[in-house]
*Asks:* 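Once you've had a glance at the structure underneath, I'll fire off some questions.
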Amino acid sequence: MKIDLGHISLNVREDGNPSGQPVLFSNSLGTSLELWDKIIPRLPSNLRLIRYDMRGHGGSDVPEPPYSMGSLIRDAEMLLDHLHVRDCVFVGLSIGGMIAQGLATKRLDQIRALVLSNTAPKMGTAQLWQDRMDAIRTGGLESMADAVMERWFSRAFRATPELAEWRKMLTDTPQDGYLGACAAIAGTDFYTQTAALTLPTLVIAGSDDGASPPDLVRETHELIKGSRFELIRRAGHLPCVEQPEAFADHVSQFLSDIGHI
Ligand SMILES: O=C(O)CC1=CCC(=O)O1
């Protein structure tokens with residue numbers, strides 16, 4: 001369903017119990033809300049499970065790049081206000097996890113707890129993102145798709161037929177949307193804000209992650225007082241795709257421990 005927030009329309013899907021405890025999912029660069037397809041059916045069905053396509057991705061509007069991290073956070077904030085959601089658990093992967101950190105800093109009334117998967121307060125350098133944007137403007141997303149798959153998935157997963165689906169998800173991403181999100185990551189350093197967070201937080205890393213390696217993700221955990229850390233083995237940047245059982249089990253256990261289910 002497309003929801004018009006005034007400044008932008010976002011593609012949103014809800015599963016589970018509409019009056020249950022809310023959980024919001026935010027996707028990573030070059031993916032869409034289908035990123036969570038294997039997780040949704042593995043979570044308790046009494047939850048209200050809300051997922052959306054980040055601007056420039058999936059079925060959401062594609063404003064002209066560049067995007068700021070502030071605009072991505074505002075999209076999530078306005079979506080939650082539109083849906084009358086407070087006290088949700090925000091599950092964000094990679095850039096989705098940066099949005100989660102930013103929204104928890106800005107609107108604590110909306111966020112009860114965080115699940116930060118394969119993310120950090122700062123990812124890469126401004127130069128790295130500039131180089132990536134330049135390469136895409138020259139050769140398109142197709143030209144770097146194989147390199148991205150190496151960061152997203154373990155060697156074993158890359159040998160399966162399923163890889164083609166995820167590669168297509170990346171290359172189907174609107175180029176402007178991808179470039180816009182790269183610019184948002186390039187300009188983000190939430191180190192100070194994230195270090196001040198005190199809400200319950202589960203941090204998840206993938207053992208074979210080539211985009212946000214386990215040591216970087218562990219630093220995010222060490223930054224957030226009282227947070228929990230889980231390393232999912234035989235998984236790259238998208239453990240919710242490669243090891244959905246383990247991912248959903250960790251999230252369910254966390255939700256249970258904080259009394260959200
Ligand atoms: O490098 C990648 O493609 C993975 C990635 C970095 C930020 C994000 O959201 O995904």
Side-chain angles (χ1 to χ4, degrees), residues 25-36 51-58 60 65-69 71-73 75-76 90-103 114-136 139-154 157-158 163 165-175 177-190 194 203-217 219-220 232 235-242 247:
F25 296 84
S26 185
N27 58 297
S28 59
L29 182 67
T31 68
S32 64
L33 51 68
E34 277 83 20
L35 177 66
W36 308 106
R51 38 187 171 149
Y52 73 101
D53 287 325
M54 173 176 60
R55 65 165 60 197
H57 287 64
S60 288
Y67 309 154
S68 66
M69 185 54 67
S71 66
L72 299 179
I73 293 166
D75 294 346
F90 194 150
V91 182
L93 195 148
S94 202
I95 184 174
M98 291 179 133
I99 297 168
Q101 293 167 63
L103 189 58
L114 295 174
V115 177
L116 302 177
S117 177
N118 304 74
T119 192
K122 176 173 164 57
M123 295 181 71
T125 60
Q127 190 59 52
L128 177 149
W129 292 106
Q130 189 57 54
D131 292 347
R132 196 185 294 195
M133 289 186 278
D134 291 345
I136 292 165
L141 278 167
E142 177 59 42
S143 67
M144 43 165 270
D146 291 336
V148 172
M149 292 303 109
E150 288 190 19
R151 291 195 294 271
W152 280 11
F153 298 116
S154 67
F157 188 90
R158 293 201 305 274
L163 182 76
E165 289 172 35
W166 296 96
R167 192 181 189 284
K168 182 167 176 349
M169 184 183 280
L170 171 71
T171 55
D172 281 351
T173 303
Q175 183 165 310
Y178 193 97
L179 290 171
C182 285
I185 300 170
T188 299
D189 182 349
F190 279 152
T194 297
V203 181
I204 295 176
S207 59
D208 300 2
D209 187 347
S212 48
D215 283 353
L216 177 71
V217 180
E219 280 174 26
T220 309
I232 297 185
H237 192 55
L238 309 180
C240 53
V241 172
E242 269 195 86
F247 190 96

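As the structure lists them, so they are numbered: ligands from 1, and atoms in each ligand from 1. The chain is numbered in sequence order, starting from 1. Any value given below was found using the heavy atoms of this structure, including those in side chains, with hydrogens, waters and symmetry copies removed. In this text the structure is predicted, and so the values were computed from the model without any measurement.
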*Asks:* With a cutoff of 4.0 Å, is R132 in contact with ligand 1, counting heavy atoms of the residue only?
*Replies:* yes
*Asks:* Would N27 and L33 count as a side chain to side chain contact (heavy atoms under 4.5 Å, CB included) here? Give the steps.
*Replies:* CA-CA 6 Å; N27 58 297; L33 51 68; 5.6 Å; no
*Asks:* Please confirm whether the backbone N or O of T119 pairs with a side-chain atom of T220, one donor and one acceptor, at under 3.5 Å?
*Replies:* yes
*Asks:* Is it true that a side-chain atom of Q101 and a backbone atom of G97 form a donor plus acceptor pair closer than 3.5 Å?
*Replies:* yes
*Asks:* Within a distance under 4.0 Å of any heavy atom of W152, pick out the atoms of ligand 1 and give their elements.
*Replies:* 2 (C), 3 (O), 4 (C)
*Asks:* Which residue holds the protein heavy atom closest to atom 5 (C) of ligand 1, what is that atom called, and what is the gap in Å?
*Replies:* H237 NE2, 3.4 Å
*Asks:* Can you list the atoms of ligand 1 that are under 4.0 Å from a heavy atom of I95?
*Replies:* 8 (C), 9 (O)
*Asks:* Find all atoms of ligand 1 within a distance of less than 4.0 Å from any non-hydrogen atom belonging to L29, and give their numbers and elements.
*Replies:* 8 (C), 9 (O), 10 (O)
*Asks:* Does L72 form a side chain to side chain contact (heavy atoms under 4.5 Å, CB included) with R55? I'd like the steps, not just the answer.
*Replies:* CA-CA 7 Å; L72 299 179; R55 65 165 60 197; 3.3 Å; yes
*Asks:* Please report which non-hydrogen protein atom sits nearest to atom 6 (C) of ligand 1, along with the residue it belongs to and the distance in Å to one decimal place.
*Replies:* S94 OG, 3.6 Å
*Asks:* Give the atom numbers and elements of ligand 1 that come within less than 4.0 Å of a heavy atom of I185.
*Replies:* 7 (C)
*Asks:* With atoms numbered from 1 as shown, which atoms in ligand 1 lie under 4.0 angstrom from a non-hydrogen atom of A211?
*Replies:* 1 (O), 4 (C)
*Asks:* Would you say the side-chain atoms of H237 and S28 include a donor-acceptor pair closer than 3.5 Å?
*Replies:* no
*Asks:* Knowing that exactly one of N118, I185, L128 qualifies, which makes a side chain to side chain contact (heavy atoms under 4.5 Å, CB included) with M123?
*Replies:* I185
*Asks:* Any donor-acceptor pair under 3.5 Å linking the side chain of S154 with the backbone of D208?
*Replies:* no
*Asks:* Please list, in number order, the atoms of ligand 1 under 4.0 Å from a heavy atom of S28.
*Replies:* 9 (O)
*Asks:* Relative to the heavy atoms of R151, which atoms of ligand 1 are at a distance of less than 4.0 Å?
*Replies:* 1 (O), 2 (C), 3 (O)
